[in-house]
Amino acid sequence: MNTDTIAAISTPMGEGAIAIIRISGDEAIEKANVIFKGKHHLTEVDTHTIHYGKIIDPSNGQMIEEVMVSVLKGPRTFTREDIIEINCHGGLVSVNRVLETILSLGVRLAEPGEFTKRAFLNGRIDLSQAEAVMDLIRAKTDKAMNVAIGQMEGKLSKLVSKLRQALLETLAHVEVNIDYPEYDDVEEMTHHLLLDRAGFVRDEIEKLLITAKQGKILREGLSTVIVGRPNVGKSSLLNSLAQENKAIVTDIPGTTRDVIEEYVNVRGVPLRLLDTAGIRETEDVVEKIGVERSRQVLKEAELILLVLNYGDSLTEDDEKLFEVVKDMNVIVMVNKMDLEQKIDMEKVKQLAGEHPVVTTSLLQEQGIDELENAIASLFFTTGIDAKDATYVSNTRHVGLLNQAKIAVEEAINGIESGIPVDMVQIDLTRAWETLGEITGDTVHESLLDQLFSQFCLGK
Ligand SMILES: Nc1nc2c(c(=O)[nH]1)N(C=O)[C@@H](CNc1ccc(C(=O)N[C@@H](CCC(=O)O)C(=O)O)cc1)CN2
Ligand SMILES: Nc1nc2c(ncn2[C@@H]2O[C@H](COP(=O)(O)OP(=O)(O)OP(=O)(O)O)[C@@H](O)[C@H]2O)c(=O)[nH]1
Ligand SMILES: [K+]
Ligand SMILES: [Mg+2]
């Protein structure tokens, strides 16, 4: 294991009031002490104390920064190693000079995610908790944050450990059966027990996988695309839901040309909202590119808000749009209800089929509640409480749960068709190992490198 001393700037790059440099490892305190000048030597102070002083360039004795330095002695720290945190003034140049001075003493620049990786390698947190740290940083909505916090507190880890324990006990029974094959009643009992325990594990994994879809939505936001002919009010809708003038709105058709993205929260449903160029046949080169992009984002959408104009008759372009989105989650929104009606609502309802239709006037702020209700009731019908439930929101975890489920199912099928128990043992062991990859109990070095390298520098 790599136990050299590492350092990095742990706050965002750029100007701020304060920036923190974090140093972790056996030599953290000793090295910091070389460049620190204050009332006390950092090597002599109590753990978990903070000290005012100056950072001095050891090559010429010049002062570089005025700082506050925290001394945190392991193992009661983020990495379980000795940690020094230098609180600098927020200027980019001075922070970098302090860091360079530290590096010049033979401290190594940390890799992205290396502090968190050490917390994992030193056993303070497991892999799913480490991944949750990253999810927390990237969380774009309150709910996503709650899921990450739950995972960081070890909710998923506990459940996975419980399932692995159940598998281990089951395997112990299989072992007895293999050791004493001459007793018929043992075989009978093993058969029952196996089905019962394996069934339990399968059911629990299935429950977790059901949360995965909602978990992904909570984490990334429900990918929602606003489509419609030019000028129907798509950008006005984005602005209304975002409660901010994010997109340009004008009365000129073809105003929006690029895809505009905004995260919004509608009744607790996090949406990744995409406003697109109005879809129509066009000769304008730039607009054409925009229309093509709209078509592309449409393919990946989880929810479509199809906007029509109440003050205009339905056109061929409208009908084409209905055709394109017909197998998707769609809410039809007939906007501009303040205008004189020209649209044929019967025809709209017929085209919409099962999909909900709401009528709005974004101009007069009417019908927006109904739209929000429609969005909320399409999803989370059972009500979602990210704080209490255990959610799986990470694609790596989902993949592993699926694999584990298949292995358990193969074991169950094997038991039912009377396959020799040592074959069943293989499947159950595989399930046990696969689940262990979620928490990092069974894990490859290369996977660790790949996972932690996705973190930001200094984390
Ligand atoms: N200045 C600063 N703020 C920060 C962090 C940091 O590293 N530095 N964190 C970095 O992400 C977060 C806090 N996370 C932390 C998690 C665990 C421990 C820690 O020392 N854990 C010990 C127990 C500590 C105790 O009980 O007193 C442990 O688990 O053994 C510290 C910070 C957010 N704020
Ligand atoms: N009367 C009326 N006008 C509206 C309503 N909603 C939006 N508008 C107006 O319709 C015009 C077009 O609105 P946008 O939001 O730019 O429409 P868009 O669909 O994004 O248009 P493109 O990006 O050009 O495709 C603007 O002048 C809006 O102020 C409404 O409910 N009633
Ligand atoms: K427009
Ligand atoms: Mg627009």
Side-chain angles (χ1 to χ4, degrees), residues 8-11 18-24 47-48 50 68-87 110 113 115-120 122-125 129-130 132-134 136-137 149 152-154 226-242 245-260 274-280 282 284 286-287 290-291 294 305-312 317 321 333-342 358-368 371 455-456 458-459:
I9 300 170
S10 289
T11 39
I18 293 168
I20 300 177
I21 293 174
R22 200 157 46 163
I23 315 173
S24 181
T47 184
H48 289 73
I50 190 161
M68 297 281 284
V69 177
S70 303
V71 178
L72 310 146
K73 294 182 191 167
R76 208 160 60 79
T77 66
F78 183 71
T79 55
R80 288 226 160 139
E81 302 173 335
D82 286 351
I83 287 186
I84 287 285
E85 290 188 351
I86 305 177
N87 298 255
F115 291 95
T116 313
K117 186 179 183 180
R118 287 188 175 196
F120 165 70
N122 293 329
R124 194 180 67 77
I125 50 175
Q129 288 173 305
V133 172
M134 181 159 54
L136 183 70
I137 297 170
I149 287 175
M152 215 160 81
E153 286 172 338
I226 308 175
V227 294
R229 273 196 289 133
N231 244 14
V232 290
K234 298 180 294 300
S235 301
S236 306
L237 174 60
L238 177 105
N239 290 346
S240 162
L241 290 175
N245 284 331
K246 264 291 271 205
I248 299 169
V249 168
T250 75
D251 57 6
I252 304 161
T255 300
T256 307
R257 304 224 157 174
D258 250 331
V259 177
I260 297 169
L274 299 168
D275 175 25
T276 64
I279 293 185
R280 65 166 170 188
T282 172
D284 180 315
V286 182
E287 195 184 350
V291 170
S294 308
L305 301 177
L306 198 168
V307 188
L308 302 169
N309 186 346
Y310 186 86
D312 200 358
D317 283 334
L321 271 176
M333 178 177 140
V334 187
N335 187 38
K336 306 201 186 185
M337 66 189 275
D338 53 285
L339 298 182
E340 192 191 324
Q341 179 173 1
K342 290 229 180 92
V358 294
T359 316
T360 60
S361 167
L362 292 171
L363 194 70
Q364 299 183 341
E365 294 182 13
Q366 282 178 334
I368 297 163
L371 174 71
F455 274 62
C456 20
K459 191 64 210 179

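We count ligands from 1, going down the list as the structure has it; atoms in each ligand are counted the same way.
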K.L.:
Assess Ser235: does it contribute an N, O or S atom lying under 2.8 Å from the Mg ion (ligand 4)?
P.N.:
yes

K.L.:
Are Lys117 and Phe455 in a cation-pi contact, defined as NZ or CZ under 6.0 Å from the six-membered ring centre and within 45° of the axis?
P.N.:
no

K.L.:
Suppose we measure from atom 23 (C) of ligand 1 to each protein heavy atom; which comes out shortest, and what is that distance?
P.N.:
Arg76 CG, 3.8 Å

K.L.:
Tell me, which protein residue and heavy-atom name are nearest atom 6 (N) of ligand 2, and how many Å apart are they?
P.N.:
Asn335 ND2, 3.1 Å

K.L.:
Students should be able to answer this: which protein heavy-atom is nearest to atom 14 (N) of ligand 1, and at what distance?
P.N.:
Phe78 CD1, 4.0 Å

K.L.:
Within the side chain of Thr360, is there an N or O that forms a donor-acceptor pair under 3.5 Å with the backbone of Met337?
P.N.:
no

K.L.:
Any protein heavy atom at under 4.0 Å, with atom 7 (O) of ligand 1 as the reference point?
P.N.:
yes

K.L.:
Could you tell me whether Leu362 and ligand 2 have an N or O pair separated by under 3.5 Å?
P.N.:
yes

K.L.:
Are the side chain of Lys246 and the backbone N or O of Ser235 linked by a donor-acceptor pair below 3.5 Å?
P.N.:
no

K.L.:
How far is atom 28 (C) of ligand 1 from its nearest protein heavy atom, and which residue and atom name does that atom have?
P.N.:
Arg124 CD, 3.4 Å

K.L.:
I need the nearest protein heavy-atom contact for atom 17 (O) of ligand 2: residue, atom name and distance, please.
P.N.:
Gly233 N, 3.2 Å

K.L.:
Just to be sure I'm reading this right: ignoring hydrogens, which of Val227, Asp251, Asn231 gets closest to atom 21 (O) of ligand 2? Compare them by their nearest heavy atoms.
P.N.:
Asn231

K.L.:
Considering distance alone, does some N or O of Ala277 sit under 3.5 Å from an N or O of ligand 2?
P.N.:
no

K.L.:
Just to check, does Thr360 reach to within less than 4.0 Å of ligand 2 when the distance is taken from its heavy atoms?
P.N.:
no

K.L.:
Restricting to N/O/S atoms, is Thr276 within less than 2.8 Å of the Mg ion (ligand 4) or not?
P.N.:
no

K.L.:
To which protein heavy atom is atom 7 (C) of ligand 2 closest, and what is the distance rounded to 0.1 Å?
P.N.:
Ser236 OG, 3.4 Å

K.L.:
Check each atom of ligand 1 against the heavy atoms of Pro75 and keep those under 4.0 Å away; list them by number with element.
P.N.:
30 (O)

K.L.:
Need the ligand 2 atom indices (1-based, order shown) with element for anything under 4.0 Å from a heavy-atom of Thr250.
P.N.:
11 (C), 12 (C), 13 (O), 16 (O), 26 (C), 27 (O)

K.L.:
Assess, by modelled atom type and distance only, whether the side chains of Arg22 and Ser10 contain a donor and an acceptor separated by less than 3.5 Å.
P.N.:
yes

K.L.:
Please report which non-hydrogen protein atom sits nearest to atom 19 (O) of ligand 2, along with the residue it belongs to and the distance in Å to one decimal place.
P.N.:
Lys234 NZ, 2.7 Å

K.L.:
Rounded to the nearest 0.5 Å, how far does NZ of Lys459 lie from CE of Met134?
P.N.:
11.5 Å

K.L.:
Kindly indicate whether the side chain of Met333, heavy atoms from C-beta on, has any atom under 4.5 Å from the side chain of Leu362.
P.N.:
yes

K.L.:
Of all the atoms in ligand 2, which lie at a distance below 4.0 Å from a heavy atom belonging to Leu339?
P.N.:
1 (N)

K.L.:
To the nearest 0.5 angstrom, please state how far the OG atom of Ser236 sits from the CD1 atom of Ile226.
P.N.:
9.5 Å

K.L.:
Hey, could you give me the SG/CD1 distance between Cys456 and Ile9, rounded to the nearest 0.5 Å?
P.N.:
13.0 Å

K.L.:
Would you confirm whether Asn309, through its side chain, and Gly311, through its main-chain N or O, come within 3.5 Å as a donor-acceptor pair?
P.N.:
yes

K.L.:
Considering non-hydrogen atoms of the protein only, which is the closest contact for atom 23 (O) of ligand 2, and what is the distance?
P.N.:
Thr256 OG1, 2.8 Å

K.L.:
State whether the side chain of His48 and the backbone N or O of Arg76 hold a donor-acceptor pair below 3.5 Å, judged by distance alone.
P.N.:
yes

K.L.:
Ignoring hydrogens and angles, tell me if any N or O in the side chain of Asn122 forms a donor-acceptor pair with the backbone of Thr79 under 3.5 Å.
P.N.:
yes

K.L.:
Just to confirm my output: which protein heavy-atom neighbour is closest to atom 11 (O) of ligand 1, and how far is it?
P.N.:
Lys459 NZ, 2.9 Å

K.L.:
Counting from 1, what ligand 2 atoms have a heavy atom of Pro230 closer than 4.0 Å?
P.N.:
25 (O)

K.L.:
Above 12 or not: heavy atoms from other molecules or residues under 6.0 Å from CD of Gln364?
P.N.:
yes

K.L.:
Would you mind checking which non-hydrogen protein atom is closest to atom 1 (N) of ligand 2, with the distance to 0.1 Å?
P.N.:
Asp338 OD2, 2.8 Å

K.L.:
Would you mind listing which atoms of ligand 2 come within a distance below 4.0 Å of any non-hydrogen atom of Ile252?
P.N.:
24 (O)

K.L.:
Pro253 near ligand 2, heavy-atom distance under 4.0 Å?
P.N.:
yes

K.L.:
Relative to atom 24 (O) of ligand 2, which among Leu238, Ile248, Val307, Thr255 owns the nearest non-hydrogen atom?
P.N.:
Thr255

K.L.:
Thr77 side chain to Asp82 main-chain N or O, any donor-acceptor pair under 3.5 Å?
P.N.:
no

K.L.:
Who gets closest to atom 22 (C) of ligand 1 by heavy atom: Ile20, Thr77, Leu72?
P.N.:
Thr77

K.L.:
Numbering the atoms of ligand 2 from 1, which are under 4.0 Å from a heavy atom of Ser361?
P.N.:
31 (O)

K.L.:
Could you tell me whether Ile50 atom CD1 has more than 12 heavy atoms of other residues or ligands within 6.0 Å of it?
P.N.:
yes

K.L.:
Quick one: nearest non-hydrogen protein atom to atom 1 (N) of ligand 1, plus distance?
P.N.:
Glu85 OE1, 2.8 Å

K.L.:
Within a strict 4.5 Å, meaning less than it, do heavy atoms of the Leu136 and Ile149 side chains meet?
P.N.:
yes

K.L.:
Among all protein heavy atoms in this structure, tell me which lies nearest to atom 4 (C) of ligand 2, with the distance rounded to 0.1 Å.
P.N.:
Lys336 CE, 3.6 Å

K.L.:
Do any N or O atoms from the side chain of Thr11 and from the backbone of Ala19 form a donor-acceptor pair under 3.5 angstrom?
P.N.:
no

K.L.:
Check whether any side-chain N or O of Asn87 sits under 3.5 Å from a backbone N or O of Ile20 as a donor-acceptor pair, and report yes or no.
P.N.:
no

K.L.:
Any Lys/Arg nitrogen of Lys336 or Asp312 sitting under 4.0 Å from an Asp/Glu carboxylate oxygen of the other?
P.N.:
no

K.L.:
Would you verify that at least one protein heavy atom lies under 4.0 Å from atom 34 (N) of ligand 1, or report that none does?
P.N.:
no

K.L.:
Note the single closest protein heavy atom to atom 28 (C) of ligand 2, along with its residue, its atom name and the distance in Å.
P.N.:
Val249 CG1, 3.6 Å

K.L.:
Report yes if some N/O of Gly254 lies less than 3.5 Å from some N/O of ligand 2; otherwise report no.
P.N.:
yes

K.L.:
Do side-chain atoms of Asn239 reach the backbone of Ala247 as a donor and acceptor pair under 3.5 angstrom?
P.N.:
yes

K.L.:
Ligand 1 versus Ser10, non-hydrogen atoms closer than 4.0 Å: side chain, backbone, both, neither?
P.N.:
neither

K.L.:
Which part of Arg22 is near ligand 1, with near meaning a heavy atom under 4.0 Å away: side chain, backbone, both or neither?
P.N.:
side chain

